[in-house]
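The structure under discussion appears below in the form of structure tokens.
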Amino acid sequence: MEYLKNDADDQGELMTLNMGPSHPATHGVLRLKLVIDGEVIVSCDPVVGYLHRGMEKMAENCHYNQYVAYTDRFDYLAPMSNNIAYACAVEKLLGWQLPERGQAIRVLCCELSRISSYFLGVGVYAMDAGAMTAFLYSYEEKERVHNLYELICGARFTSSYTRIGGMTRDLPAGIEKPILEFCDSAEKTVEELRKLLLHNKIFIDRLVGVGVITREMALQNAMTGPNLRSSGVARDLRKTNPYLGYENYDFDVPVAQEGDCYARFQLRLEEILQSVRIIRQVIAKMPKGPIWVQLDKGILPRKEDALQGIEELIRQFMVSTECVNAPAGQVYFAAENPKGELGFFLDSQGGGIANRLKMRSPSFGTLSILPELLPGHLVSDVGAILGSLDFVQGECDR
């Protein structure tokens with residue numbers, strides 16, 4: 001701690017307080033350098049980089065399919081969403097278009113990831129505000145999503161289910177029933193959380209009017225996702241820049257005007273219900289047919305074909321070691337992830353490895369607002385504000 005002379009009051013002192021990185025409210029990898037006057041925050045300097053792993057540089061040293069596994073570790077609360085956004089960027093570079101069933105499976109995986117991330121976000125947030133029961137309810141739903149992951153691809157967390165041009169395998173037979181059962185359970189849990197928290201006096205007092213982000217502040221700081229929509233901006237890439245056939249699904253974009261912690265919490269609960277609505281439509285409309293881009297080159301053959309034919313075996317070897325022969329060029333693709341707009345910029349000079357990869361992480365833009373947002377609040381408000389922003393350091397630091 002450091003003590004600074006308070007020029008405005010010769011009798012008082014300002015104190016510099018380090019909140020984090022070893023602090024549960026800062027996820028253990030974010031440091032907030034706070035200057036406080038008593039209990040009031042005067043200034044805030046967020047210090048990031050404690051989880052920096054050089055993930056963008058790694059893209060220059062492995063082929064496109066190999067890099068899919070690294071994207072799991074960005075927003076590690078929604079790994080499938082990261083996989084799919086990255087694969088869509090590479091496919092945009094290649095000029096590939098997935099068949100309808102492949103797109104529908106990706107939409108299903110994205111919305112399951114969104115629900116899992118939101119349930120964990122609102123549950124941990126409730127626990128930060130002192131509501132332990134709500135966390136247990138929401139965490140149980142998150143585990144149900146991971147059970148579905150395991151049925152779909154065999155992995156619960158870092159799934160790496162996506163491949164350039166498709167998915168590792170088709171959906172297992174009979175998966176529709178457990179998915180629809182989960183949808184019913186998720187809707188009931190959202191209603192339980194609303195009953196538990198949205199009329200709880202302590203919860204309301206800690207959130208209403210705290211951490212207000214105006215529309216102008218949100219836009220100036222390049223915020224996206226639920227944090228932007230909670231400040232009155234109806235921007236959702238699934239609606240404004242549809243991809244993977246999102247234009248074929250009927251869903252709403254929840255928007256709040258208050259911009260405070262309470263509005264951000266409410267909006268995420270509503271978005272869970274909209275994701276459930278999309279999943280029900282995906283299951284009802286699931287087309288038949290292939291899940292892979294219908295090309296001979298750059299796509300893995302079926303395993304049984306590779307075990308029986310020499311041409312398929314050679315193709316298996318070439319795709320596994322060299323991936324695709326991408327053209328030279330530059331592309332940018334952005335997807336609506338649970339935390340906001342996740343974008344990938346690819347610079348290719350040809351071949352199967354990117355020359356450069358840059359990532360637009362929504363959490364980095366979210367944290368950039370803290371120097372403007374936190375001053376004037378109490379130290380005890382920091383945990384509530386950080387939880388309402390629902391950031392994740394894996395994609396912020398990269």
Side-chain angles (χ1 to χ4, degrees), residues 1-2 15-36 39-56 70-79 81-82 117-118 120-130 135 157 206-207 210-213 217-218 220-228 230 260-261 264-265 268 337-343 358-398:
M1 295 183 183
E2 303 173 20
M15 182 174 70
T16 300
L17 175 68
N18 283 307
M19 187 173 181
S22 298
H23 192 286
T26 65
H27 297 208
V29 281
L30 169 67
R31 174 185 163 212
L32 298 179
K33 187 177 180 182
L34 303 175
V35 176
I36 58 176
E39 286 290 315
V40 179
I41 298 171
V42 177
S43 67
C44 169
D45 181 18
V47 182
V48 300
Y50 289 89
L51 199 58
H52 183 65
R53 297 152 290 171
M55 300 290 268
E56 293 173 331
Y70 290 99
T71 62
D72 282 325
R73 279 79 178 171
F74 289 146
D75 180 0
Y76 37 75
L77 304 178
S81 297
N82 306 330
S117 179
Y118 280 171
L120 184 65
V122 299
V124 171
Y125 185 32
M127 189 167 62
D128 286 343
F135 167 74
F157 198 55
R206 290 208 64 184
L207 273 61
V210 176
V212 176
I213 301 175
M217 288 171 60
Q220 288 172 1
N221 286 274
M223 298 188 74
T224 56
N227 295 321
L228 179 65
S230 300
D260 59 4
C261 294
R264 290 189 282 274
F265 181 85
R268 286 187 174 90
N337 260 34
K339 303 293 184 288
E341 180 182 330
L342 174 67
K358 295 296 178 184
M359 174 185 165
R360 190 234 180 259
S361 62
S363 292
F364 187 81
T366 297
L367 292 178
S368 69
I369 202 172
L370 292 180
E372 184 179 357
L373 180 61
L374 288 184
H377 289 87
L378 301 177
V379 174
S380 58
D381 292 329
V382 174
I385 294 173
L386 290 179
S388 73
L389 296 176
D390 193 26
F391 62 94
V392 64
Q393 286 298 110
E395 65 178 17
C396 177
D397 290 347
R398 300 190 291 284

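A donor-acceptor pair is defined here as one N or O able to donate and one able to accept, closer than 3.5 Å; such a pair exists between the side chain of Arg264 and the backbone of Gly211. Remark: side-chain polar atoms of Asp397 are not paired, donor with acceptor, to backbone N or O of Gly394 under 3.5 angstrom. Side-chain atoms of Asn337 do not come within 3.5 Å of backbone N or O of Leu342 as any donor-acceptor pair. Between the side chain of Arg53 and the main chain of Leu51, a donor-acceptor pair closer than 3.5 Å is present. In terms of modelled atom types and a separation under 3.5 Å, the side chain of Ser363 and the main chain of Val392 share a donor-acceptor contact. Side-chain N or O atoms of Tyr125 include one that pairs as donor or acceptor with a backbone N or O of Ala384 at under 3.5 Å. Between the side chain of Asn82 and the backbone N or O of Asp75 there is at least one donor-acceptor pair closer than 3.5 Å.
By the neighbour-count criterion of 12 heavy atoms within 6.0 Å, atom OH of Tyr70 is sparsely surrounded, having that number or fewer from other residues, nucleotides or ligands.
Thr366 contributes atom OG1, which lies 8.0 Å from atom CD1 of Ile213 (distance to the nearest 0.5 angstrom).
The side-chain contact (heavy atoms from CB on, under 4.5 Å) test with Ser361 is passed by exactly one of Gln393, Glu341, Glu395: Glu395. The only option from Leu32, Leu373, Leu30 that meets the side-chain contact (heavy atoms from CB on, under 4.5 Å) definition with Leu367 turns out to be Leu30.
Side-chain contact between Asn227 and Arg268: present, with at least one pair of heavy atoms (C-beta onward) separated by less than 4.5 Å. Side-chain contact between Val210 and Asp381 is present, with heavy atoms from C-beta onward closer than 4.5 Å. Side-chain atoms of Pro226 and Tyr118, non-hydrogen and from C-beta on, do get closer than 4.5 Å to each other. Put simply, the side chain of Leu34 reaches to within 4.5 Å of the side chain of Cys44, judged on heavy atoms.
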